[in-house]
Amino acid sequence: MSVYSYQVITMGAHDDRLTALKVSVEKRATDLGINPRTIAFVDCITDYDRKLPAIGIYFGNTLRGVPHILDKILEDSIIVAPVVSDKTKVTDEIPSELTHINVIECSASGAGIARLTSLIFETFRLLRKERGVFISYRRKGSQPLADKLYEDLDKRGFDVFIDVRSVPPAVDFQAELWHRMSDVDVIVLIDTPGFREGRWTSAELAQANLLGIQTLHLLWPGQTEDAKYAFSHFVKLQVTDFSGPSPGRGGTITKKAVDQICNLAEELRAKAMALRHAHLVDNFCDAARDLRFNPSVQPERWISVELANKKTLAAVPTIGRPTSDRINTIFESISSINSPDVPIWAVYDSRGLHKDWLTHLKWLDGHLPIRTISVADIPQALKEFVR
Amino acid sequence: MIEVFLSASVPLPERNRLYFETADVFLIREAIRALVEAVLPRGRVTFGGHPAITPLMSLYARSAKLDRDRITIYQSDFFRGEMPRENNDFADIRYIERIPGGVAENLALMRERMLQSRNFDAAVLVGGMEGIKDEATMFKQLYPHAKILPLPTTGAAARMEYFEGNYPPAWENEISFASLFRRELLPNPLSE
């Protein structure tokens, strides 16, 4: 298992702003229940792992040095936040490769550090409401273990959705499950004997796979891997992971085993998020480049594309379901930056989304000053702007 | 319409460690999800059925309301009973009769029929074990001028094929599979 799951790639000056940022990130993580060690500050001299979430920060300085990996970072469509001491000093402190990106004003003591910290946590979607995890289990087989995992994941800042108890009475379970599933990054399956014949049907499994959700698959002692679940990340529970004479229903699982499961959940969640995000951003940027546009990923997580007549298209990648409140937040943040008549797109991944949602999105398109575009439709939609 | 042959499987830890060690299960799935999204609206995908890949593909075909003939799945009767039958409505599933002999003979027959079923434009190799090697070899003999895309980041047999063959260096670390498929398999958007 890797030591960390999220990467902050630091470039430019390594001064007291960086020190202050590290302190601030550590504190914010601790407040959220997230182990600060899962967020690593990676020096730009060492390479980063593309399969894990990453954000680049360039601390402006008068030398305006360009690290050799900057090209790769930009090509990989990773968010880079250029930091300046004062907004009037962009050309003095930021290399020309980054001047097309909105800058953030920041000194070691001012409010800029808090803003940068928020930017990091928002980019990695580390706020509780965006950290969905779903636990599925068989009540007869592992209720006490499911409860333990619920508590521990909750303490670690996850928004845990557990089979029966998170669904209010009278709510259609199946519909609620499909609904919630599109917003989580990880599913934990507790595979006790009889689990596979239960309500975790092949339709749900196929949907999770089509959505790009990671499955942390806990195999009860004696249960074996199954090709139907080949996309799962298997963990074989051993009899020694339980302190009692037999695993029973899992109530005696050791703290060490629970910690390992929760750490793995964090790691898989980070990978799922990185891939889901990369699918949206990379595809958009690549499709735009293929049409000879020059897309820039902005620190506020939207992508700007210069159109004819100095107009800018704003594309906002949305992981999971683009809900109307998410779209509203996007609209507010972009409107403050752009002039009012620019097109704004919410780019989303339609694979695995329930058809009711896709219909709903079409309806929203007719009522909102924003267009929702699925990844598959990006090339065609962008072509409308080709002169 | 572009005809794509998909050779893919997901190595399980219990099977051959040689393939499992380098396999990246998540990227194997990403590659299949990307292929489906980038290629199916413009083409057809033919592959040998797999218990995890078949349901994913048919769910996509169902939700995207694609014609049933966009996905063709070959299945040997040797394994009849092990495969879920609920996919028949959303994909063209072809069962190949069982012949005397074991797994090897039956798989060989299925592969032969599958690879001769269409005039393929390209083969995409994802993850996989021994079967991918066999399918790649047969494919090259039958379609010497077709494009072959082994995806090395998915690991396992596809990775071996990439390093053994003469393929573009840029693919070595590529994980933006949808872009790769669009660029390699579809016409240039500016020339259309």
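Letters A, B, ... are given to chains in the order of the sequence lines, protein chains preceding strands, and every chain is numbered from 1.
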Legend entry - Reported CD-to-CZ distance for the pair B:Glu30 and A:Phe231, which is rounded to 0.5 angstrom: 10.0 Å
Inset, instruction - Measure across A:Asp282 and B:Ser176 and return the closest heavy-atom pair with its distance rounded to 0.1 Å. - result: OD2-OG, 2.6 Å
Legend entry - chain B contact via A:Ala376 - side chain, backbone, both or neither, heavy atoms under 4.5 Å: both
Inset, instruction - Take atom CG of A:Asp365 as the centre, draw a 6.0 Å sphere, and report whether it contains more than 12 heavy atoms from other residues, nucleotides or ligands. - result: yes
Legend entry - Spacing of CZ belonging to B:Arg62 relative to CG belonging to A:Leu210, to within rounding of 0.5 Å: 10.0 Å
Inset, instruction - Would you mind checking which part of A:Lys236 comes under 4.5 Å of any heavy atom in chain B, side chain (CB onward), backbone (N, CA, C, O), both or neither? - result: side chain
Inset, instruction - Select, from B:Ala38, B:Pro41, B:Ala178, B:Ala64, the one with the greatest count of heavy-atom pairs under 4.5 Å involving chain A. - result: B:Ala178
Legend entry - Verdict with supporting geometry, A:Asp286 and B:Arg183, salt bridge (Lys or Arg N to Asp or Glu O under 4.0 Å): CA-CA 9 Å; A:Asp286 286 344; B:Arg183 287 170 177 170; 3.5 Å; yes
Inset, instruction - For residues A:Asp290 and B:Leu190, determine if any side-chain heavy atom of one lies less than 4.5 Å from a side-chain heavy atom of the other. - result: no
Legend entry - A:Ala272, part contacting chain B, at a heavy-atom distance under 4.5 Å: neither
Legend entry - Note, B:Ser179 side chain near A:Asn283 side chain (heavy atom, < 4.5 Å): yes
Legend entry - Point-to-point distance, once rounded to the nearest 0.5 Å, from CD of B:Glu37 to CZ of A:Arg351: 4.0 Å
Inset, instruction - State whether the number of non-hydrogen atoms from other residues, nucleotides or ligands found under 6.0 Å of B:Glu105 atom CD is greater than 12. - result: yes
Legend entry - A:His233 and B:Phe26, any side-chain heavy atoms less than 4.5 Å apart: yes
Inset, instruction - Quick one: pull up CD in A:Glu225 and CZ in B:Phe20 and give me the separation to the nearest 0.5 Å. - result: 7.5 Å
Legend entry - Pick from A:Lys383, A:Gln214, A:Gln207 with the largest number of heavy-atom pairs that fall under 4.5 Å of chain B: A:Gln214
Inset, instruction - Working to the nearest 0.5 Å, report the span between CD1 of B:Ile175 and CZ of A:Arg50. - result: 4.0 Å
Inset, instruction - Over all heavy atoms of both residues, which pair between A:Phe234 and B:Leu12 is shortest? Give the atoms and the distance, please. - result: CE1-CD2, 4.0 Å
Inset, instruction - Sort out for me which of A:Ala287, A:Gly212, A:Ala278, A:Pro379 touches chain B most, counting heavy-atom pairs under 4.5 Å. - result: A:Gly212
Legend entry - A:Leu275 vs B:Leu27 side-chain heavy atoms within contact, under 4.5 Å: yes
Inset, instruction - First locate atom CG of A:Leu205, then atom CG of B:Leu59, and finally report the distance between them rounded to the nearest 0.5 Å. - result: 10.5 Å
Legend entry - Closest non-hydrogen atom pair, B:Arg29 against A:Ile213: NH1-O, 2.6 Å
Legend entry - Engaged part of A:Gln380 at the chain B interface, taking heavy atoms whose separation is under 4.5 Å: neither
Inset, instruction - Of all the heavy-atom pairs spanning B:Pro51 and A:Ala227, show the shortest one and how long it is. - result: CG-CB, 3.7 Å
Inset, instruction - Just give me the residue among A:Asp76, A:Thr224, A:Leu382, A:Leu291 that pairs up with chain B most often, heavy atom to heavy atom, under 4.5 Å. - result: A:Leu291
Legend entry - Salt-bridge criterion met for B:Arg33 and A:Asp349 (N-O under 4.0 Å): yes
Legend entry - Proximal component of A:Leu268, with respect to chain B [non-hydrogen, under 4.5 Å]: side chain
Legend entry - Other residues, nucleotides, ligands: >12 heavy atoms within 6.0 Å of A:Glu75 CD: no
